[in-house]
Structures are given as C-alpha cells and as structure tokens.
Amino acid sequence: MSKASGSVDQSKFIIWLKIMTVRIERNGKIGIVTVGNPPVNALSRSVRQGLLDAAEEFDRDPDISIVLLTCAGRTFIAGADISEFDRPPVEPHLPDVVRRIETAEKPWIAAIHGAALGGGLELALGCAWRLAAASASLGFPEVNLGLVPGAGGCARAPRLIGAEQALELVTSGRPVSALKARELGLVDAVVEGDFRKGLLSFARAKLDEKRPIILSETSIEYVAPIDWNAKENSIKKKARGAIAPLRALECIKAAVTVPVNDALDIERETFLELRESAQSRALRHVFFAERNALKPDDLKGAIQKPVKTVGVVGAGTMGTGIACCLRDAGFQVVLLERDRETLDAGLKHIQSIYEAAAKRGRMTEAAVLARMAGVRGVLSADGMADTDLVIEAVFEDLDLKRSIFKEISDHCHEDTILATNTSYLDSDLIFEGVTNQDRTLGLHFCSPANVMKLVEVVPTRGTSRKTAATGYALVRALRKIPVRSGICDGFIGNRLLKILRLQAEKLLLAGAKASEIDSAMKAYGLAMGPFEAQDLAGLDVAAMQRAAARERRETVFAPISDRLVEEGRLGQKSRAGWYDYPDGSRLPNPSNHVQQIVAEEQARCATGTLPAGLALAEAVILPMVNEAAQILEEGVASSASDIDLVMIHGYGHPRWRGGLLFDAEQNGLDDTVRKLEILNAAGLADGPCERLKAAAKMGHF
Ligand code: 3H9
C-alpha cells in the first residue's frame, strides 16, 4: 500500500486479504481462478463462495471462453475443510458448487499440482477437462475419515473411469499418481516440466475444441458384470469393523444401477449421515491428533542437529528393522554387532526384507542394491566414529546397555546423540556415567520396526531441547508417529499391553477359552487377539519383564504364562504357546494341554467370574482405560490423544474407534466407571478408578 493510504485500517485490509481465498484474473480469452487457502487449499466456506462467484463472473464476461482452475501454494485442493465437519453444514454446499461449475457456460479446466483429494477431486470431476503435473496425486481418501465422497465423486467417477476402477479408488482411500490417473482416464493429460506453461498451452488448445459431455448427464450404458457380493466380502474383511468402505461400495453400486440424480442423492445422504457417525468423529480426531503429535508446542523453534549417518547397535530383529526404516528414509546406516556371524545374519535379514519387497513389486532390484550399499556392518565401537546419532537395540539387559553406551561414547563425537530403544528399562539408569547427558534420549520403536508407525520418544533427566527436537525430526523423517512418554515400566504402550495380557489371563481363569477371548478382541477391532499376538511375538520377552519386576519385589500375576514359559512353550517359534502349531503351521490350534494347565491354575488361584451383562472385550478394555487415566495423572503421557495414538500405531487398536480414551469418552465415562466397579467387585479388575471418576465428572480427560 502507498504511504498516502496510511489512513486505511490495516486490520481490515488483512481480514480482506484472508477472505480473498479465490482470486480471478484474465489472460486473453482464458479466465484464471486461483484458490489460495493455505496450507492445503481446503474447500472452506469462503472458497466455495469464491468459486461460485468466479463462475458467475466469467459466465457474464463475453471476452472469456474458457476457465482455468488453479491453486496457489504447494498443492491443488486437498478436499473439504475437515475442521468444519463438527459444525452443521453451511451454504453454499459443495455439491452445488461442483454442479455450477459443471454446467457453467464457459467450460472449466482443473490444473492439478500436488494433491487433488476428496472434494478437490470432486471439483475437478465437475470441470470439463483435467490436467495434472507429473508429480501430482489424486484420490478419494474420505473412507479414512469414516466418510464417502459427498459431492458427486461416487456418481461421477464410474462415469469417467468405469465402475470397477472407481470402486477401488473410493473404497480403498488410496491415491494414485498422475501417470496412473492418466492411464485410468481420470485426467486428460499429464504435464512433464514447466506446469504453468503446460497448462496455458493446454487451455489455448481447448479454446477451439468441443466441450466434452457433462459427466453427471452421462448415462452408464454398459457395465462389465461386477460380483457385488464378492466385493463386499473382500472389503468387509479388510475394513475390520470400519463402516465407511462398505457404505462407499453401496454408493458406487447405486451410481451404476439407479438414475444419476438418485445416485447423487444417495451419496449425499450417506455422506451427511456418516459425518455425524461415531466412527467419522473418531477418525477425524485421529487425523488431527497425528498432525499435532508431529510438532509439540514446547519444541517450536528448537534447533535440530543435522543427521545423515545413524549407528544401530544390535543386528537382531529390532536393530535390523530400525536399520531398514532408516535406509528407506535415506539415512546412511552403520550396524554394530559383537561377532561376525550375528552381523552377517543381520545384514542377510535386512537384504531379505528388501528382496521380499522387490518380489511384491514394491521396489526394483537396483533399489535393493542401493539400500544395501548404504548399510555398513562393523564389529567394533570405533566404527561409530562418524555417526550423528546412535540407536541401541540390544537385549533388555541394563548392564549390557550401560557398557555399550560407555564404549560408544568413547568413540563417537561428543555431540553424537545417544538413543536407547529399551522397551521398559529406566533410560536414566542406562545413560548413567555417559558424558554430556544432554544428548541422551529414549526412542522406543515397536516391533516390527520397519512396519509399525509408533515411536515413543522418552526424554531422560538430561535430554536437551535440541536432542528432543532432533529425535522428533528423525521420527518424522521415518514417516512415523512420535509420542512423548515419561519414564516408567513399559512407558505408555507396554504398560497398557501388560494390562491387556493380565485381563486376558484373568478371563481364562474365569472360564473363557483363549480362542473366545481372541475372537472377542478381534471383533472389538484389534488386529490380533492377545493370545495369538503373544504366540507370534514370543512369550519369553514378557517373561523377562516379569522376572525383572519380581526382582524389584513387585507382585506379578501371570500363573498360566509362567507355566507355559517354564515348559518351553514360547509361541510359534517353539511350535507351541497358548495354542499348538503342529508341523510349523502358523494357524493356531486350541491346545488340550493348555486347557489342562488352566484347569489346574483355576483350582489354585482365587478366580472371579465375568458378571452378566459385561462382554469379554469390556473386561479387557475397561481396566486398560483405567490404567491410561493413571498414566495421564502421573504425567507419563502429555495428553489423552497421545495415548490414543500409541494404541493405534503401536498395538493394532482400530483407528475407527479413535483410540482407547477417545472411545471411552464416546461411550460415556460414567458408564465406564460403573462397569469398572462391577469388574472390581467381581475380582476381575483391581485398582481404584479415582482419576477416571474425576474425568467422568468433567465429561472428558
Ligand atoms: C472431503 O473432501 C469430503 C468431500 O467428499 C465432500 C464434502 C461435501 N481440511 O497433512 P499435513 C491441515 S473430506 C482441513 O501436515 P502434508 C492439517 O491439519 C477431506 N485441514 O501436510 C495440517 O494443519 P496444521 C478429504 C487440513 O503436506 C496442514 O493442513 N481430504 C486438511 O504432509 C498440513 O497438513 C483428505 O482427507 C483438510 N482437508 O500432506 C485429505 N488437509 O499445519 C487430508 C490437511 O495446523 N489431507 N489439513 O497441523 C492430507 O491427506 C494431507 O494433508 C495432504 C498434505 C496430503 C494434503
């Protein structure tokens, strides 16, 4: 602004700029509409209104023949504004905006860079043509938020790319690349190189072309027969209790079986219904919780140490998994083991993980070679000399870990960050005696580390802001979810896992069968039942934890687990655990022998009985909720949503429940307290629920 306009109210000008989320300009006969609603150009109310106004303006302008829809910033439109979904919908509604653009007198071209997602792609389907930058991605991620596309995506996509392809796109929620979109017919052309130049020449070429038929006015004349039942069964299996993918299937089925206007109505009604559903609320909670977890407020502005080379100590399952995800993110890795044989086995294991990925077509042979070339195996701590950060992932033995860090700190730079992957030991004790304690930290990965997204970031007494910020940056670079945990036995996740196992064992003693408890927990939405999961991971790790706790003179109740371990029934690896695995099969077979042990322990232990009206899953989950409340009370977790993320990303809890505490809140905390007291009285849970009662009084955690 000029100095002369100094009298203009600055704040009003800033507000005006903020609501100018849609700008228009002219380039000869081409009208250009630019959406500028950072960070991702979500379709907030002002954007929807701006788009309607732009359509009016250009339709009225005799000098304009075609309209180009572009976006400012790093992306096209990433969809509806999710933060608006907790409030009633406000006009103008997106379906009306899409329809207005679709029927505009001047045809529109969607110029897609970055991501065209959800409502963003629906808007693009309302345009006459779609052009994408080679790096763009397109998709309908609505099912990930417990929704279906609600602005014509289900009705229009099958008309453009066929029902089968649309079904896959909408029910999976997975985006496709620009090239794949071109192959599907979702976009008309892909621009390699200068996008702005490419889109202007595309627009000029279209000036003389006949406008293509309007999608929502196209009838589907022939649809290759689709076995809807088979599709439904396969989607149901993958959805593990999530409802949106099945509702999306119904919408696509409607799109190809009923008149288009009816299909549009069905889609919109389904969207509005799901928007209010508990599952969608839960999934939206997780969406924002994940993003908040990536950048904790207290680390804002903290300086990070640049990290290029990471040392990993221990080439067992954990160390090799961590090495893989580090390589995937482009870090150089130095892998330290104490003997050649174990080191070679570890390197071989890493290679086998990559080769399996190559076999499934997820990476090329050249990429396998490149990943392996970035892992250097060493047999002595002096190999760690040039590392920026070291992650120790050896056996859970305090003395061993302490001696490793002492040795490593003698060889690496004095500011090399030292991180332990311990899953339950006290990291302050691990780092005792190490120089420069400000560089120490816990980074607890979940197994398998190359698959699970959770990393608990555990500050020690000495951890500096820089070290914590570097830890967070590393986890972000690995595309994982960091959650801060205070130091306690098992941190957040394993402390809750301990309660899950305890409750499962109590229920066995109360007369339920292992297979019934596993089924109940899978019906709740867990990826695996507690007994199947223990058999897969091995019963020895938890046994070691129990032994350590008993050494600390804690009382540990696990009579059946203890006997299984004593007998060498360690799970799948010994072909027997909670279940039998004859001939190395991975299918759990109920074991008469375990049943016999259960009967003997029932006779020895005082066992409760499951009260009428309470489900098996509740008897497992509610004491976990109680423990989670305690974890919050102690400040071990910083927020309820952090605990939710731990359970979802580290322990296979269903995303659509929103996590342990969000789900408890949705079900009513009063009810949770009432049921817990019943479980307590029945001898199936212990521990007061004072913290939970306080949360119930407030109505939230
Ligand atoms: C929909 O479209 C329904 C329609 O069918 C029907 C309507 C009638 N809204 O992820 P990032 C924020 S449903 C509001 O860190 P990236 C995000 O919270 C929608 N906010 O960036 C974060 O905020 P903050 C379907 C959103 O580069 C910031 O933007 N669309 C939205 O790693 C940066 O996000 C989707 O589900 C939104 N739609 O990834 C797409 N999206 O800085 C969801 C993001 O305060 N979005 N924010 O933490 C994404 O998948 C990723 O954000 C994207 C960028 C891939 C776009």
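Counting starts at 1 for both ligands and their atoms, in listed order.
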A.B. asks: Considering only heavy atoms of L145, which atoms of ligand 1 have at least one such atom less than 4.0 Å away?
C.D. replies: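 Here the atoms of ligand 1 in question are 13 (S), 19 (C), 36 (O).
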
A.B. asks: Among E250, E168, E164, which residue satisfies the salt bridge (charged side-chain N to carboxylate O under 4.0 Å, His left out) criterion with K231?
C.D. replies: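 Output: one option passes, namely E164.
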
A.B. asks: Determine whether the side chain, the backbone, both or neither of E142 has a heavy atom under 4.0 Å from any heavy atom of ligand 1.
C.D. replies: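 Looking at E142 and ligand 1, just side chain atoms fall under 4.0 Å.
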
A.B. asks: Nearest protein heavy-atom contact for atom 9 (N) of ligand 1: which residue, which atom, what distance?
C.D. replies: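 The protein heavy atom lying closest is I82 N, 3.0 Å.
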
A.B. asks: Taking only heavy atoms of F288 into account, list the atoms of ligand 1 that are under 4.0 Å away from them.
C.D. replies: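 Those of ligand 1 that fall under 4.0 Å from F288 are 18 (O).
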
A.B. asks: Are side-chain N/O atoms of S216 and R159 paired as donor and acceptor at under 3.5 Å?
C.D. replies: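 S216 vs R159: no donor-acceptor pair found between side chains.
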
A.B. asks: Taking atom types as modelled, find out whether D328 and Y354 have a side-chain donor-acceptor pair closer than 3.5 angstrom.
C.D. replies: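 Indeed, the side chains of D328 and Y354 share at least one donor-acceptor pair under 3.5 Å.
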
A.B. asks: Flag atom 53 (C) of ligand 1 as yes if some protein heavy-atom distance to it falls below 4.0 Å, otherwise no.
C.D. replies: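 There is no protein heavy atom less than 4.0 Å from atom 53 (C) of ligand 1.
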
A.B. asks: Around atom 45 (O) of ligand 1, find the nearest protein heavy atom and jot down its residue, atom name and distance.
C.D. replies: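 So the nearest neighbour among protein heavy atoms is K295 NZ, 4.3 Å.
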
A.B. asks: Please state which part of P141 comes within less than 4.0 Å of ligand 1, counting heavy atoms only: side chain, backbone, both or neither.
C.D. replies: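 Answer for P141: side chain.
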
A.B. asks: With respect to atom 2 (O) of ligand 1, which of G114, P89, P38, G119 exhibits the smallest heavy-atom separation?
C.D. replies: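 That would be G119.
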
A.B. asks: Could you find the nearest protein heavy atom to atom 55 (C) of ligand 1 and give me its residue, atom name and distance?
C.D. replies: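 Heavy-atom neighbour on the protein nearest atom 55 (C) of ligand 1: L117 CD1, 4.1 Å.
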
A.B. asks: So is there a nitrogen or oxygen of A42 less than 3.5 Å from a nitrogen or oxygen in ligand 1?
C.D. replies: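 No - when backbone and side-chain N and O of A42 are compared with those of ligand 1, no distance drops under 3.5 Å.
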
A.B. asks: Is the backbone of G152 close enough, under 3.5 Å, to the side chain of E122 for a donor and an acceptor to pair up by distance?
C.D. replies: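 Between the backbone of G152 and the side chain of E122 there is a qualifying donor-acceptor contact (under 3.5 Å).
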
A.B. asks: Ignoring hydrogens and angles, state whether a donor on the side chain of S46 or N37 is under 3.5 Å from an acceptor on the partner side chain.
C.D. replies: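 No pair is found: no donor N or O on one side chain lies under 3.5 Å from an acceptor on the other.
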
A.B. asks: With E84, which of I82, D86, D81 fulfils side-chain contact (heavy atoms from CB on, under 4.5 Å)?
C.D. replies: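 The passing option is D81.
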
A.B. asks: Of the backbone atoms (N, CA, C, O) and the side-chain heavy atoms from C-beta on, which set of V40 has a member under 4.0 Å from an atom of ligand 1: side chain, backbone, both, or neither?
C.D. replies: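 The side chain, only.
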
A.B. asks: Could you tell me whether a side-chain N or O of S641 sits under 3.5 Å from a main-chain N or O of D644, the two making a donor and an acceptor?
C.D. replies: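 Side chain of S641 to backbone of D644, a donor-acceptor pair under 3.5 Å: no, none is there.
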
A.B. asks: Between the candidates G79, A78, G120, which shows the shortest non-hydrogen contact distance to atom 40 (C) of ligand 1?
C.D. replies: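 It is A78 that holds the nearest heavy atom.
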
A.B. asks: Using a 4.0 Å heavy-atom cut-off, which part of T75 comes near ligand 1: side chain, backbone, both, or neither?
C.D. replies: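 Neither part.
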
A.B. asks: Can S277 and S280 be counted as having a side-chain donor-acceptor contact under 3.5 angstrom?
C.D. replies: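 Per modelled atom types, S277 and S280 side chains form no pair under 3.5 Å.
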
A.B. asks: Give the atoms of ligand 1, by number and element, whose distance to some non-hydrogen atom of G118 is under 4.0 Å.
C.D. replies: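 Near G118, the atoms of ligand 1 are 2 (O).
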
A.B. asks: Right, does atom 29 (O) of ligand 1 have protein non-hydrogen atoms nearer than 4.0 Å?
C.D. replies: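 Yes.
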
A.B. asks: Checking a contact table here: which protein heavy atom is nearest atom 27 (O) of ligand 1, and how many Å away?
C.D. replies: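 Sorting protein heavy atoms by distance from atom 27 (O) of ligand 1 puts R74 NH1, 2.4 Å first.
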
A.B. asks: Please report the closest heavy-atom contact between F76 and A111, naming both atoms and the distance.
C.D. replies: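 Taking F76 first and A111 second, the nearest heavy atoms are CD1-O, 3.3 Å.
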
A.B. asks: Is a side-chain donor or acceptor of S137 paired with a backbone partner of A115 at a separation under 3.5 angstrom?
C.D. replies: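 Flag not set: sc S137 to bb A115 has no pair under 3.5 Å.
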
A.B. asks: Is atom 24 (P) of ligand 1 touching the protein, meaning some protein heavy atom lies under 4.0 Å away?
C.D. replies: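 Looking at atom 24 (P) of ligand 1, one finds that a protein heavy atom does lie closer than 4.0 Å.
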
A.B. asks: Show, in sequence, the C-alpha distance, side-chain angles and deciding distance for I77 and C71, and conclude whether the side chain to side chain contact (heavy atoms under 4.5 Å, CB included) test is met.
C.D. replies: CA-CA 7 Å; I77 296 165; C71 286; 3.6 Å; yes

A.B. asks: Checking the side chain of R74 only, and the main-chain atoms of V40 only, is there a donor and an acceptor separated by less than 3.5 Å?
C.D. replies: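 No; zero donor-acceptor contacts below 3.5 Å.
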
A.B. asks: Looking at K236, I'd like to know if its NZ atom is crowded, meaning that more than 12 non-hydrogen atoms belonging to other residues, nucleotides or ligands lie closer than 6.0 Å.
C.D. replies: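 Check fails, neighbour count at 12 or below.
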
A.B. asks: Rounded to the nearest 0.5 Å, what separation is found between the OH atom of Y472 and the CZ atom of R476?
C.D. replies: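 Output value for this atom pair is 9.0 Å.
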
A.B. asks: Tell me whether the count of non-hydrogen atoms from other residues, nucleotides or ligands lying under 6.0 Å of CZ in R23 goes above 12.
C.D. replies: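 12 or below, so no.
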
A.B. asks: What protein heavy atom is closest to atom 17 (C) of ligand 1, reported as residue, atom name and distance in Å?
C.D. replies: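 It is R291 CD, 3.6 Å.
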
A.B. asks: Is the contact between F271 and ligand 1 made by the side chain, the backbone, both, or neither, using heavy atoms and a 4.0 Å cut-off?
C.D. replies: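 The side chain, only.
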
A.B. asks: Applying a strict 4.0 Å limit to heavy atoms, is P149 in contact with ligand 1?
C.D. replies: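 It does, in that a heavy atom of P149 comes within the 4.0 Å cut-off of ligand 1.
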
A.B. asks: Consider ligand 1: state whether an atom of it lies below 4.0 angstrom from any non-hydrogen atom of P39.
C.D. replies: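 Yes, that is the case, since the closest heavy atom of the residue is under 4.0 Å from the ligand.
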
A.B. asks: Nearest protein heavy-atom contact for atom 14 (C) of ligand 1: which residue, which atom, what distance?
C.D. replies: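 Residue, atom and distance for the closest contact: D81 OD1, 3.3 Å.
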
A.B. asks: Just how far is it from atom CG of N292 to atom CZ of F287, taken to the nearest 0.5 Å?
C.D. replies: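 Those atoms lie 10.5 Å apart.
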
A.B. asks: Can you tell me if F287 has a non-hydrogen atom under 4.0 Å from ligand 1?
C.D. replies: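 A heavy atom of F287 does come that close to ligand 1.
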
A.B. asks: Can you tell me if E84 has a non-hydrogen atom under 4.0 Å from ligand 1?
C.D. replies: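 No heavy atom of E84 comes that close to ligand 1.
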
A.B. asks: What are the atoms of ligand 1, with element, lying closer than 4.0 Å to any heavy atom of E122?
C.D. replies: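 Under 4.0 Å from E122, ligand 1 has these atoms: 4 (C), 5 (O), 6 (C).
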
A.B. asks: Could you see which bit of R268 sits under 4.0 Å from ligand 1, with heavy atoms only: side chain, backbone, both or neither?
C.D. replies: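 For R268, only side-chain atoms sit under 4.0 Å from ligand 1.
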
A.B. asks: Pick one of side chain, backbone, both or neither for how A80 approaches ligand 1, counting any non-hydrogen atom pair under 4.0 Å.
C.D. replies: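 Both of them.
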
